[in-house]
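Written below as structure tokens is the structure these notes are about.
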Amino acid sequence: MRLLTHNFLRSNVKGTENGYPLIIEVTTVRCEESPVDREFLLSLLPKVDYPALRSAVRQLGPHCDPPLPDLPEDMPWSDEDLTSLDDATISSLHRALFDVYLVEGYLVCPDTGRKFPVKDSIPNMILHEDEI
Amino acid sequence: MSLDATQQYTVLIEFVHKHLDFHNAELHSVLDMHGIRIGTDCHVQTLPIDGRSSEVRRPFKILSFPWSFIGCKFSVSDGDENTKREKCINLVTALSRCTLIRSVLELWGAGPTIDDCVESVQKGYYPRRHQEGKHLGIGDGAKKFEVRTWSILVHTLGSTYTREEQNDMRSAFSFLHLPGRVQMKDPDDEYLFIREVELDGQGGAVYPRHSGTNKQVIPENDARPPLACYFGRVLGNNGLGRNWRRSNRIEQYSLKKRCYLGPTSMDSELSLIMTNLAQIKPRGSFVFDPFVGTGSILLTAALRGAFCFGTDIDLRVLRGRNQDENISSNFKQFDLPPPELVRSDNAIYHRHFRHHLPLFDAIVTDPPYGIRAGARKSGSRKGGEVRPISDEHRYDHVAQTRPYAVSDVLSDLLNVAAMTLKMGGKLVYVIPAMSDFDERVDLPRHECLTLNYVCYQPLQTEYGRRTVTMTKIKEYDEKKRSEYVENTWVNGAESAEKVANIRERLIEAAKTKPGYEEKALRRKAIRKSTKETKKKAKRDAATKNATENAASTTDVPGDKGEAAAKDAAL
């Protein structure tokens, strides 16, 4: 699971109000470099919840090799400002969203503490019958 | 009808005689995604025909472009040099995306008979233009007309002609006086003469030239005039050639070449067509498959350049068999970045994912209809009261699932598509049906989605499947969710019922055929024998292993050890 997917996933257990963002418990992380596609990234960014991405990078960053640096606190979020992002910011955003995989670990619901296991890079978000 | 070549640049598209219902949809979709509009940028010409009326679908299409567009708005050169120019669309590159195109000709002439065809070439502008070297484009490296090697190939759909007979057809075009050398292999210019005859639904000739038994010419069929004749220069000579489907273009993606497969994997050809219907761009398309299964559809989407995201409720298919046989290994095989996979339930998509983000450019999927794989959704198996799961058992607990009615599968799919597609995004899905299915009233609908194409693929006489393409045209309104879902089936339960029990109905239909009982018995016997052979092989392997172990521990010399193993086996 890349952090892009983490940014969209939420906990859905019965009675959860918000269930977002999921806390990451890391067992194994894998990094794999991929070419930067600036246009694609810029089209996705307005849909990314930036505070959630930033906190995910802080949780996963130290486990990566080399460690992921923290993302800047403020990010211009309107469309015009996004196109003016410099290459260094773009590449750090790209690396955070696309190049880092949580291979083994858990995603933890911030409200209920329900743990969703991640195995072979596949998060298991399925609900048990008493949670529907 | 005569083609007025002085005013229009005409292109003949020859399709493979396969997936007939998809020809137009795929072509239109590909033209549309390259910004080529039929009606303004180009026109569809009627195919030449003499008095006969043809009920059969003909595997040809003629497109005409205003001359003024060629060389500025559109380029038809083989090389890539012209495509680099801004706003110039290379027709050859665009059309080469179509899976079902066999070849594309710059149509020099056409007519109901070979004489009409020759006359139309003589009258046309093309030979002169070619002589002047205008078609060569702006590339300086292009060879001059005088030294260009050439060949004329003859294509006689579904009927066979000897080399001499083909030569006769060729010689009709000797008036062109091409100055270069003849070269059959990779010539600079490839010309093609096509003699079209009436084809049946399977692509064979309706009036075959030779009898099937003794290969003798049937005189009355041979005397029948052709439906039409075409002559032109083949476009896309570099790499594509006369037969665009040659040179491994489709085969390299064949299912047979993949390391991970399942019974529900979609064949590569149809999924390539689906990626064209979904207009997946070479870069920056975000594609979603909510019933990803073995990832076969996503793989072709990734081959087109998409970033892929897939979910499924079945964890086993997502994980695959082992490290080397899973969805990601298939992607690795083609050197593609791994897709994003999540185990979740499409029935409650909105509870797994944040908000209702219009995220995806396309949703391409083959939902489960219970023919090969049954649909399941989260929930208690038996329904009713659910026993709570204690905390210590939470992580070992296997989530229960319950059957998921096909009508709900589709209404949820359409609703998720309406919710998560970007405006203008495409939903492409497959729906099976028996002959009683009426696509005008029985197809599921959604207020936010408009129907583009419905392509029928017959699988058996009474049974087939449709590939449906829809586009999002209206913003999704969460407040209207129940209204959307209720209005999915215009005919209500009746339509939903038609797609629901296809497996059962197929089995019922098979039972009424003569010889079903014997066939069933024979199949049962085969199954039993294969099962026993497997069991025996397993038993033998086990005993062999055991004796080998025993042999190695007692350190008996080789030959004696083998003898011991033989004894044990006996």
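Source: prediction; values computed, not measured. Note on naming: letters A, B, ... go to the chains in the order of the sequence lines (proteins, then strands), and numbering restarts at 1 for each one.
- Between B/L359 and A/L44, some side-chain heavy-atom pair lies under the 4.5 Å cut-off.
- For chain A, the nearby parts of B/F286 are the backbone and the side chain; heavy atoms of each come within less than 4.5 Å.
- Taken to the nearest 0.5 Å, the CZ atom of B/R283 stands 11.5 Å off from the CZ atom of A/R38.
- Within 6.0 Å of the NZ atom in B/K332, the count of heavy atoms belonging to other residues, nucleotides or ligands does not exceed 12.
- Looking at A/E32, only its side chain comes within 4.5 Å of chain B, counting heavy atoms on both sides.
- Here the closest non-hydrogen pair linking B/G379 and A/E129 is C-CB, 3.9 Å.
- Contacts between residues 97-111 of chain A and chain B, defined by a heavy-atom separation under 4.5 Å, are made by A/F98, A/Y101.
- Under the 4.5 Å side-chain criterion, counting only non-hydrogen atoms from C-beta, A/L4 is in contact with B/F307.
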Checklist entry - Passes side chain to side chain contact (heavy atoms under 4.5 Å, CB included), B/E340 versus A/M1? Steps please. => result CA-CA 6 Å; B/E340 282 297 284; A/M1 182 196 71; 4.0 Å; yes
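- Across every non-hydrogen atom of B/R351 and A/L127, the tightest pair is NH2-CD1, 3.9 Å.
- When the side chain to side chain contact (heavy atoms under 4.5 Å, CB included) test is applied to B/A94, the partners found at least two apart in sequence or on another chain are B/H34.
- Using a 4.5 Å cut-off between heavy atoms, A/N18 makes no contact with chain B at all.
- Chain A forms more heavy-atom pairs under 4.5 Å with one residue of B/K422, B/H352, B/R402 than with any other, namely B/H352.
- Contacts between B/L318 and chain A at a heavy-atom distance below 4.5 Å involve backbone atoms as well as side-chain atoms.
- The shortest non-hydrogen separation linking B/P337 to A/R2 is CB-NH2, 4.1 Å.
- Judged as a ring pair (Phe, Tyr, Trp, His ring centres under 6.0 Å), the pairs with a partner in residues 396-426 of chain B (not counting sequence neighbours) are, in order, A/H128-B/H397.
- Between the CZ atom in A/F8 and the OG1 atom in B/T420 there is a gap of 11.0 Å [rounded to 0.5 Å].
- Top candidate by heavy-atom pairs under 4.5 Å with chain A, chosen from B/P338, B/S285, B/G320, is B/P338.
- Within 6.0 Å of CG on B/D335 lie no more than 12 heavy atoms contributed by other residues, nucleotides or ligands.
- Using a 4.5 Å heavy-atom threshold, the side chains of B/V342 and A/L9 count as touching.
- To the nearest 0.5 Å, atom CE of residue A/M125 and atom CD1 of residue B/I348 are 10.0 Å apart.
- Heavy-atom distances place the side chain of A/Y20, and not its backbone, under 4.5 Å from chain B.
- The two residues B/S344 and A/I126 make their nearest non-hydrogen contact at C-CD1, 3.8 Å.
- Against chain B, the residues from residues 112-124 of chain A that qualify, each with a non-hydrogen atom under 4.5 angstrom away, are A/G113, A/R114, A/K115, A/K119, A/D120, A/S121, A/I122, A/P123, A/N124 in number order.
- Between A/K47 and B/R354, the shortest heavy-atom contact is O-NH2, 3.0 Å.
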